[in-house]
2 protein chains.
Amino acid sequence: MSDREAEGTGPATVPAPPVRRLRRAERREQILDAATRAFARAGYAATGLDDIAAEAELTRAMLYRHFDSKADLYRAVLDRACVRVAEEVGADDFGDDAIPALLRAAAADPDGFRLLFRHASREPDFRELIDSFAAASREVAHRNLARHIPAGPWLDWAADLIPTITLEAVIAWLDAGRPDPGQAAERIGQIVHGVMAAARPTG
Amino acid sequence: MSDREAEGTGPATVPAPPVRRLRRAERREQILDAATRAFARAGYAATGLDDIAAEAELTRAMLYRHFDSKADLYRAVLDRACVRVAEEVGADDFGDDAIPALLRAAAADPDGFRLLFRHASREPDFRELIDSFAAASREVAHRNLARHIPAGPWLDWAADLIPTITLEAVIAWLDAGRPDPGQAAERIGQIVHGVMAAARPTG
DNA sequence: CCACTTGTAGACGCCAAAGTATATATGTGT
DNA sequence: ACACATATATACTTTGGCGTCTACAAGTGG
């Protein structure tokens, strides 16, 4: 909402659209931003290129100047989101900073975060792009749990569950308005601890 | 290998496909079974009628003798899955039998259960069908939590999280090979208790 | 035996959405 | 000033999947 005035006597034509010109790399990023928002609403299949063009305030033709196809664009979106999360989390799987890092990543790119873990992880054609995460997390959880829990179905169960629950807790934290990241990390850590406790043999 | 006798001298034609005939109501159920399996793999958009027909070992034409459209079939699948879950759980939200009931429902119809809570709940056009569940669960969780936790973002956070985590734990239990339902209920209850504890004010 | 139901087989129309093409306009750097 | 990159606008083609139709085959019950 903004300018668009200073005439009043002019003809009934629109004053002239601003036509924001950006250099190629910047425009590409801006398209990725818009596409991330659009895809985050409904996932790959349910989002049309027109939706994305509208979100980016561009024509569909421009999308093809930057990306070969819808799938190519989607991959670029997921790649960028993945890289961002990876940059925050680093190799620090399960260290003390892992959960705070996830919270930082989610806060820095909430749409990308939600897109990755609510939609892309369920889309057969694209889940491979984030499966490295899922697999690594399960792997690490499995190794850590194995020091306290005997091998068996309950170990597998907890190793599957811990990454999932952590991510859901982070997303719920986004939805709740991102209160106090420090407390959030502590509370989520507590939940994870609770899952580990629940996976121990009954006795 | 079987009957269809006296070949050997006959022409090279295939012995003749059995062609299983069922009465209308049974066929309908069989189609719903197959469609549930097919949709459970990739959700609504990514599943074609051909996939479903193949899964049901039928032609696409037959699907239209029983359902008006793809959306109609999907709704029927979701409805049935919903009813099954509702029958197990009943009005027993948050009672001692709630989690065992969920486990029974998941074991009785694992594909339907996964379809409902992994896919349908994220599909804008269909989430309404199960939103009653989600809303009711959040509602109940919210009310129960409010007795121990002051209103605020952490209450909302936990109320959102508890139903989600419970369902994820049930699905992970399916994936882990459904070990000992009694223990599973207890362990999941313990996790939920842990979430409630984690949502209390820090002190 | 006949009517009816259940089934196959496959061609076809249709439509939405992806992807292509062309003509034109205008900031920007050199 | 000029070339080029960035952008619009719109019309067009292609494609994939839904939905329809017709013709035929075979099991079942009165």
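None of the values given here were measured: they were computed from a predicted structure. Per chain, numbering begins at 1; letters A, B, ... match sequence-line order.
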Sequence neighbours excluded, which residues qualify as side-chain contact (heavy atoms from CB on, under 4.5 Å) partners of B/Arg127?
-> B/Asp131
Could you pull out all donor-acceptor pairs under 3.5 Å where a side-chain atom in residues 35-44 of chain A meets a protein atom, sequence neighbours excluded?
unit_1	atom_1	unit_2	atom_2	d
A/Thr36	OG1	A/Leu32	O	2.7
A/Arg37	NE	A/Glu55	OE2	2.7
A/Arg37	NH2	A/Glu55	OE2	3.4
A/Arg41	NH1	A/Glu55	OE1	3.2
A/Arg41	NH2	A/Glu55	OE1	3.2
A/Tyr44	OH	A/Ala71	N	3.4

Starting from P on C/dG29, measure out to CZ on A/Arg24 and report it in whole angstrom.
-> 17 Å
Separation of atom OH in A/Tyr74 from atom P in C/dA18, rounded to whole Å = 14 Å
Considering residues at least two apart in sequence or located in another chain, which fulfil the side-chain contact (heavy atoms from CB on, under 4.5 Å) criterion with B/Ser132?
-> none
Do any of residues 49-68 of chain A sit with a heavy atom less than 4.0 Å from DNA chain D, and if so which?
-> A/Glu57, A/Leu58, A/Thr59, A/Met62, A/Arg65
Donor-acceptor pairs are to be reported for all side-chain atoms of residues 136-143 of chain A against protein atoms at under 3.5 Å, with residues two or more places apart or in another chain.
unit_1	atom_1	unit_2	atom_2	d
A/Ser137	OG	A/Phe133	O	2.8
A/His142	NE2	A/Asp156	OD1	3.2

Whichever of B/Ala25 and A/Ser69 has its nearest DNA chain C nucleotide further upstream toward 5' = B/Ala25
Pairwise N/O distances under 3.5 Å, protein to nucleotides 28-30 of chain D:
none

Of all of residues 33-48 of chain B, which get a heavy atom below 4.0 angstrom from DNA chain C, listed by number?
-> none
Sequence neighbours excluded, the answer for side-chain contact (heavy atoms from CB on, under 4.5 Å) partners of A/Gln30 is A/Leu22, A/Arg27, A/Ala56, A/Leu58
In whole angstrom, what separates B/Leu73's CG from D/dC18's C1'?
-> 13 Å
Check: B/Ala199 main-chain N/O paired with A/Arg187 side-chain donor or acceptor under 3.5 Å = yes
Taking only residues two or more places apart in sequence, or in another chain, which ones meet B/Asp72 in a side-chain contact (heavy atoms from CB on, under 4.5 Å)?
-> B/Phe67, B/Asp68, B/Ser69
Rounded to whole angstroms, how far apart are CG on B/Asp72 and P on D/dC18?
-> 14 Å
Sidechain-backbone polar pair: A/Arg200 side chain, A/Pro150 backbone, donor-acceptor under 3.5 Å = no
Side chain to side chain donor-acceptor pair (under 3.5 Å) involving B/Glu87 - partner list, sequence neighbours excluded | none
For residues 163-177 of chain B, please give each side-chain donor-acceptor pair under 3.5 Å, one per line with the distance, not counting sequence neighbours.
unit_1	atom_1	unit_2	atom_2	d
B/Thr164	OG1	B/Asp160	O	3.2
B/Thr166	OG1	B/Ile162	O	2.7
B/Glu168	OE1	B/Arg118	NH1	3.4
B/Trp173	NE1	B/Pro179	O	2.7
B/Asp175	OD1	B/Arg114	NH1	2.3

Could you give the side-chain donor-acceptor pairs of residues 97-112 of chain B under 3.5 Å, partners two or more places apart or in another chain?
unit_1	atom_1	unit_2	atom_2	d
B/Asp97	OD2	B/Arg104	NH2	3.2
B/Arg104	NE	B/Glu88	OE1	3.0
B/Asp109	OD1	B/Gly112	N	3.1
B/Asp109	OD2	B/Arg84	NH1	3.2

